[in-house]
Amino acid sequence: MTSSSVRVRFAPSPTGFLHIGGVRTALFNYLYAKQQGGKFLLRIEDTDLDRSEQRFTDDILTSLKWLGMEAEEPILYQSQRLDHYKKIADRMVDQGLAYRCYCTEAEVEATREQLMKEGKKAMYGRTCRERKEPLEGRTSYAIRAKFPLTGTTSFTDMVRGEIHFPSEDIDDFVMIRTNGVPTYNFVVVIDDVEMNISHVIRGDDHINNTPKQIYLYDALQAKKPVFAHLPMILGQDKKKLSKRNGETSTNAYRVEGYLPEALLNFLVRLGWSHGDQELFTMEEMIALFKLENVQVSGAVFNSEKLLWIQGEHMKRANPERLGKIVKEDFKSKFSDASFKELDSAFAAKLIPFLAPKVKLVKELAEQLHPLLEPGVMPVDASILKWNKDESVKVKIKAAIDVLRNEWRALIESNQKNTLGECGLDHAGVDLKLRSVCEANGLKLGDLTQPMRHFVTGHASSAIGLFDLFPMMNWKIINLRLEACLKS
RNA sequence: GUCCCUAUCGUCUAGAGGCCUAGGACACUGCCUUUUCACGGCGGCGACCGGGGUUCGACUCCCCGUGGGGACGCCA
C-alpha cells in the first residue's frame, strides 16, 4: 500500500496523436496524484476497433514519456478485456438492470430525429425496454442500460460543486454494440472500479456522461469516485481545441523545439493559477496544485504566451541537457562536420551564451551549426549596410584587415588555437574594436555588422562578437574574415 | 431544439462583501540601455455582459435575461 489511497488515471483513446488537451488532463491527474502521494495510471481506451491504431498508442506513450508522466502500474488495454465486459453486461441483463435492444440503427435514428422535431431531447425511443422475448426475425441485438425513468442523479464535482440531472433527460445508452464490443460509457466504469480509481479528473465534455456512469456504479454496487471536470481548452475561435483551430499534436511541439517543462508550465496555467505566479518548475506545480483552484470556464490556447514561457525555461535549462536534446532531436540542422563538433568543449562553452537568447531548442541548433562548421558559411552580402556607401566599405575592410593581421600575429607568436588562450578576453576585444573604429573614423556598428555576418553565419547572432572571438578557433575566424574581405 | 456548464483587459488570470481609483502575465506600444537580433529597466493602452434584488456597502451573494461553450453516437 502507498501512503495514500489516491489513484488517478489518464485514459486516452488511440484514435489520433496525443492531443494537447489530453496532455493538460494527464497533467492535472499527475499533479494531483503526486501531491497526494497517490498513483498515476494509464489506460488505453481502444474499444473503437475501427479507428484505434497502434501507431497512435505508440505516439501517446512516447509523448507521455517525453513529458515525464509515466504510468506507475502496467497499462490496461481495454481491447484485451472484451469478454470480461460482455459477461458483466449479460449479468446486468439477468438482473434487470439492462436489456437487449433489437432495433436497427436506422430505426433508432428515425425516433431520434422525430423527438428533435418535437422539441425534445434527441434520444432512443426505449422500444425494447420492456421486451421479454427476442424480436421476431432478428438475431443481433445491442445491450442498453435500463436507466430509471424518474428521479434525479446528482453528484458533487470537485471543481464545480453540485450538479443535478433529471432522469427523463438521460438516455438508455448502449453498453454493448450489436457486434459485441462494449462502449465507452460502460467500460470506463468497470475499469475505474477494477483499477480502484479514487478520483476521475477529466474534461468537462464528460459532465453529461457522468449520470450514466453513476447509474453503472450503482448497478455494480461499487463505490463512486470523486469527479472533477476540467474546463475545455479552446482554439482562437473559442471553440474546443481541435486540429482545425490550432496545433494539437504534442509531438509537433517537440519538433518545434519546445521543452517539455515549458509546455507543461503553459498548460497548467490554462485553468489553474497560484496568485500571480507564471513560471513553475514541476516540483512547484506538484506542491502548489489544488483542484479547488481550477477555473470553471474554458481557456483559449495562446501560443504567444507559450513561446514566452518556453523562452523563460530556456534560460533556466541546464546547458548540458540542452546539448543532448539538440543532438537527439535536431540532428537535421547540422552537417556531418558540425554535428561532430557538438561534442567539443567549444560547443559546451557556446550553449550557455546562446540558450538564454533564443526561445526554441530548434533555434539553438540553428545558431550552433554555423559556429561549429569548420569552413566558411555562405553569406548574402547584399543586405550589408556597407553597400550604401563605397567609401565606408573601404574603411571597414581596412579596419578588418588591421585586426586580422594583428590577431594572426598574436596567435602565431603564442602558438595557440584561440585568441582567448593568447590572453584576449571580452573586454580586450571590445577595446580593440573600438580603437580600430576610432582610428578609421567608423562607428562600432559599421564594423561589427559585416564581421558578425561572416563569422557567425547569421545576420543576427545569439552570441556577441566580444564573447565569440576569444573562444572560437582562430583558423575558422581567419578564414571567414578573409571571405569577408573578398566580398 | 433539449439538457448541462459558464461569464473580470484582445488572451491567460488575481479577486472568496468594504483592502479595487480592479492587481499580475502574454501581446501591443513609448522611452532608456545597447556591437545586430534579443534581453533588461521604467512607463502607456486596456476589463468587472445587462437588468433586477440582498446589504450600510457589491467585481464578489441570489434571480432573470443575454452572450459563450459542451453534450445530445451501436465515438471516446
Side-chain angles (χ1 to χ4, degrees), chain A residues 11-16 45-48 50-52 78 101 103-105 108-109 112 115-124 140-144 157 159-160 163-166 168-171 173-185 187-188 202-211 229 231-232 234 236 238-240 266 269-279 293 295-309 311 315 356-359 385 429-430 433-434 437 443-449 451-453 456 458-462 464-467:
Chain A
S13 65
T15 53
E45 308 220 322
D46 50 0
T47 55
D48 185 338
D50 294 333
R51 293 198 299 148
S52 296
Q78 294 183 324
C101 169
C103 298
T104 62
E105 286 189 58
V108 173
E109 185 55 33
R112 191 177 285 130
L115 284 167
M116 182 96 93
K117 226 175 269 175
E118 291 169 18
K120 291 177 187 153
K121 187 167 177 135
M123 48 201 275
Y124 172 60
S140 61
Y141 59 85
I143 295 179
R144 286 180 181 273
D157 189 286
V159 335
R160 282 154 219 270
I163 301 177
H164 310 275
F165 288 89
E168 58 258 38
D169 294 324
I170 312 297
D171 210 350
F173 59 96
V174 169
M175 292 160 41
I176 304 285
R177 299 174 175 94
T178 313
N179 67 4
V181 178
T183 63
Y184 161 77
N185 272 123
V187 293
V188 71
R202 76 220 314 189
D204 72 10
D205 48 346
H206 284 295
I207 291 182
N208 291 286
N209 288 323
T210 309
H229 288 97
M232 292 281 93
L234 279 20
Q236 291 294 336
K238 302 252 193 160
K239 301 229 187 287
K240 187 164 147 183
F266 171 71
R269 289 285 292 103
L270 248 36
W272 176 82
S273 61
H274 180 254
D276 284 341
Q277 188 170 348
E278 297 286 353
L279 271 11
N293 290 350
Q295 192 79 10
V296 282
S297 56
V300 175
F301 187 94
N302 182 346
S303 48
E304 284 167 336
K305 186 151 186 176
L306 168 60
L307 222 207
W308 174 76
I309 288 178
K315 290 177 193 164
K357 304 283 179 113
V358 299
K359 288 201 158 70
K385 279 187 291 188
V429 177
D430 187 335
L433 292 200
R434 284 179 202 280
C437 281
K443 283 186 287 185
L444 191 55
D446 293 335
L447 179 64
T448 52
Q449 197 215 14
M451 287 177 92
R452 175 180 310 108
H453 212 102
T456 68
H458 278 289
S460 69
S461 172
L465 254 22
F466 299 174
D467 292 313

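This is a predicted model, so every value here is computed, not measured. Just so you know, these numbers use all the heavy atoms, side chains as well, and skip hydrogens, waters and symmetry mates. The sequence lines fix the lettering, A, B, ..., with proteins before strands; numbering per chain opens at 1.
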Scan nucleotides 3-5 of chain B against the protein and return all N/O pairs shorter than 3.5 Å with their distances rounded to 0.1 Å.
unit_1, atom_1, unit_2, atom_2, d
B:rC5, O2', A:Arg160, NH1, 2.3

Q: For A:Arg452, enumerate each residue passing the salt bridge (charged side-chain N to carboxylate O under 4.0 Å, His left out) test, keeping only those at least two apart in sequence or located in another chain.
A: none

Q | Rounded distance (Å) that lies between atom C1' of B:rU11 and atom CD of A:Glu278 | A | 12 Å

Could I get a table of every N or O pair under 3.5 Å where one atom is in the protein and the other is in nucleotides 14-22 of chain B?
unit_1, atom_1, unit_2, atom_2, d
B:rA14, OP1, A:Ser273, OG, 2.9
B:rA14, OP2, A:Gln295, OE1, 3.3

Q. Within the structure, does a side-chain N or O atom of A:Arg51 lie under 4.0 Å from either OP1 or OP2 of B:rG73?
A. no

Q) Counting just side-chain N and O atoms, does A:Lys238 come under 4.0 Å of either OP1 or OP2 of B:rG68? A) no

Q: Looking only at side-chain atoms of A:Lys239, point me to the closest of B:rA7, B:rG69, B:rC75.
A: B:rG69

Q) When you check the phosphate oxygens OP1 and OP2 of B:rG73, does a side-chain N or O of A:Arg112 lie under 4.0 Å from one of them? A) yes

Q: Give a yes/no on whether any side-chain N or O of A:Lys120 is located under 4.0 angstrom from OP1 or OP2 of B:rC72.
A: no

Q.
With rounding to the closest Å, how many angstrom separate the C1' atoms on B:rC31 and B:rA7?
A. 38 Å

Q: Could you tell me which nucleotide pairs with B:rA25 by Watson-Crick or G-U wobble geometry, both distances under 3.5 Å, or answer none if nothing does?
A: B:rU11

Q) Can you tell me how far P in B:rU8 sits from the matching atom in B:rC48, rounded to whole Å? A) 11 Å

Q. With both distances under 3.5 angstrom, what nucleotide forms a Watson-Crick or G-U wobble pair with B:rG40?
A. B:rC32

Q.
When both hydrogen-bonding distances must be under 3.5 Å and the geometry is Watson-Crick or G-U wobble, what is B:rU54 paired with, if anything?
A. none

(Q) With a 3.5 Å limit on both atom pairs, tell me what B:rG73 is paired to, counting Watson-Crick and G-U wobble, or say none. (A) none

Q.
Would you say that A:Lys238 contacts A:Val300 through its side chain, given a criterion of any heavy-atom pair below 4.5 Å between the two side chains?
A. yes

